[in-house]
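To start, the structure under review is shown below, and the notes come after it.
Note that ligands are numbered from 1 as they come in the structure, with each ligand's atoms numbered from 1 the same way.
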Amino acid sequence: MRLLVTGGAGYIGSHMVKLLGDKAYETLTVDNLSEGNPWAVLHGELRVVDLLNYKALEEVFLEFKPDAVIHFAAKVKVPESVKKPLLYYENNLLGTVNLLHAMQRSGTRYLVFSSTAAVYGIPENIPVKEEDPTNPINPYGWSKLFAERVIKDFSYASGLKYVILRYFNVAGADPEGKIGQVSKEPTHLILRAVKVATGQIPYMEVFGKDYPTHDGTGVRDYVHVVDLCEAHLKALDYLREGGKSDVFNVGYGRGYSVLEVIQKVKEVSGKDFEVRYAPRREGDPPALVADSGKAVKVLKWEPKYDDLGFIVKTALNWEIQSSKVSCYNIV
Ligand code: UDP
């Protein structure tokens with residue numbers, strides 16, 4: 001099976017490409033390298049192409065003729081999306097429209113799409129089910145929800161088969177330590193916390209302590225990046241076996257507060273670091289926890305790393321290793 005992976009040089013995409021390589025899939029990575037790194041693509045070829053450059057994208061599709069696409073390429077930071085909504089609509093929505101055009105031109109039949117729990121906004125029920133109402137509270141969530149809609153409409157019109165995976169909070173790194181999360185301006189909780197623990201950021205900030213959660217701080221469902229990638233493999237198998245187009249949550253069904261995550265990072269790293277309280281961050285819901293029963297049942301997803309300690313350990317190992325060669329000055 002020939003697989004084209006958009007965003008395959010980025011954090012989640014590079015773990016996916018590695019896993020696909022381990023399983024002997026033929027892959028081609030398309031990435032504009034805005035966040036990704038060429039060294040992170042451990043398998044197959046990398047083409048530096050922006051999804052917004054339709055001509056270049058179409059050329060790659062007509063040459064490679066993929067059977068399926070896994071579409072990661074996107075802007076993914078909630079705070080940035082609040083400040084720069086057009087950047088999000090351009091990349092996440094128009095980028096997806098271009099991708100679907102190119103897929104149609106090359107006759108690509110299957111799509112696995114990276115969506116997000118941010119489409120639920122402030123959920124009415126915790127854990128959240130796929131059929132629960134979607135009502136994003138930030139431009140990032142809206143850009144992904146609109147992209148979902150476009151994929152569904154296009155599938156109806158064209159016969160394209162898709163699986164939409166709504167990721168909860170993805171964290172951790174390759175257990176072999178070959179790749180991990182790299183960000184020029186890290187915003188994600190676990191990434192920032194391991195950077196504080198390794199002395200690259202002076203202190204940790206907790207955004208909001210008056211949320212309606214057990215300790216007042218934001219609650220999220222952290223899923224290990226390799227388990228998430230395994231869900232994509234299962235989605236591909238499902239589509240190839242004739243499964244119907246559908247949407248699935250991917251998380252462990254367990255929420256941890258910001259304070260619990262920080263405590264775990266202190267424990268695993270053996271470092272006690274400064275923690276300061278700061279105001280709530282715009283666009284943040286109080287709690288997001290997945291009901292992933294459908295992915296387990298229908299896709300036969302079998303997560304292996306449902307352990308916050310292991311997630312933190314792999315993230316920390318990667319940080320220790322990569323910061324030795326890092327050229328970023330984090331302030
Ligand atoms: N958060 C925090 N300090 C940080 C980064 C994040 O308190 O330095 C909180 C954030 O407000 C949210 C949770 O941690 O409640 C997860 O945020 P993250 O950016 O990792 O993921 P998101 O849920 O926004 O996609």
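The heavy atom nearest to atom 9 (C) of ligand 1, out of those in T187, V261, V258, is found in V258. Proximity annotation for atom 6 (C) of ligand 1: of R192, R281, K195, R281 comes nearest, heavy atoms only.
Looking at ligand 1, you won't find any N or O of Y222 less than 3.5 Å from one of its N or O atoms. The shortest N or O to N or O distance between M204 and ligand 1 is not under 3.5 Å.
Proximity to D284 (heavy-atom distance under 4.0 Å) selects the following atoms of ligand 1: 10 (C), 11 (O), 12 (C), 24 (O). Numbered from 1 in the order shown, with element, the atoms of ligand 1 that lie under 4.0 Å from a heavy atom of V206 read 7 (O). Close contacts of ligand 1 with E205, meaning ligand atoms under 4.0 Å from a residue heavy atom, involve 2 (C), 3 (N), 4 (C), 7 (O), 8 (O). Within the listing of ligand 1, atoms 15 (O) sit less than 4.0 angstrom from a heavy atom of G218.
Taking 4.0 Å as the cut-off between side-chain N and carboxylate O, R276 and E205 do not count as a salt-bridged pair. The pair E130-R166 fails the salt-bridge criterion, with no side-chain N (NZ, NE, NH1 or NH2) lying under 4.0 Å from an Asp/Glu carboxylate O. Between K129 and E131 no salt bridge is recorded (no basic side-chain N to carboxylate O distance below 4.0 Å). Contact check on D31 versus R47 returns no salt bridge, with no Lys/Arg side-chain nitrogen under 4.0 Å from an Asp/Glu carboxylate oxygen. A salt bridge between K304 and E230 is present, with a side-chain N of the basic residue lying under 4.0 Å from a carboxylate O of the acidic one. Classification of K18 and D174 as a salt-bridged pair holds, one side-chain N sitting under 4.0 Å from a carboxylate O. Note on R280 versus D284: no salt bridge recorded, every NZ/NE/NH1/NH2 to OD/OE distance being 4.0 Å or above. The existence of a salt bridge linking K209 and D215 is excluded, since no basic side-chain nitrogen approaches an acidic carboxylate oxygen closer than 4.0 Å.
Residue contact check for ligand 1: Y256 places no non-hydrogen atom closer than 4.0 Å to it. Residue R280 places every heavy atom at 4.0 Å or more from ligand 1.
Ring orientation note: the planes of Y167 and F72 are tilted relative to one another, at an angle of 30° to 60°.
Only the side chain of N169 comes within 4.0 Å of ligand 1, counting heavy atoms alone; its backbone N, CA, C and O stay farther away. Residue Y277 does not touch ligand 1, judged by heavy-atom distances below 4.0 Å. When non-hydrogen atoms are compared, ligand 1 lies under 4.0 Å from the backbone of H188 as well as from its side chain. Contact annotation: for L189 versus ligand 1, heavy atoms closer than 4.0 Å belong to both the backbone and the side chain.
Of the protein's heavy atoms, F207 CD1, 3.3 Å lies nearest to atom 2 (C) of ligand 1. If you check which protein heavy atom lies closest to atom 23 (O) of ligand 1, you get R220 NE, 2.7 Å.
The side chain to side chain contact (heavy atoms under 4.5 Å, CB included) test with H71 is passed by exactly one of V112, L99, L4: L99.
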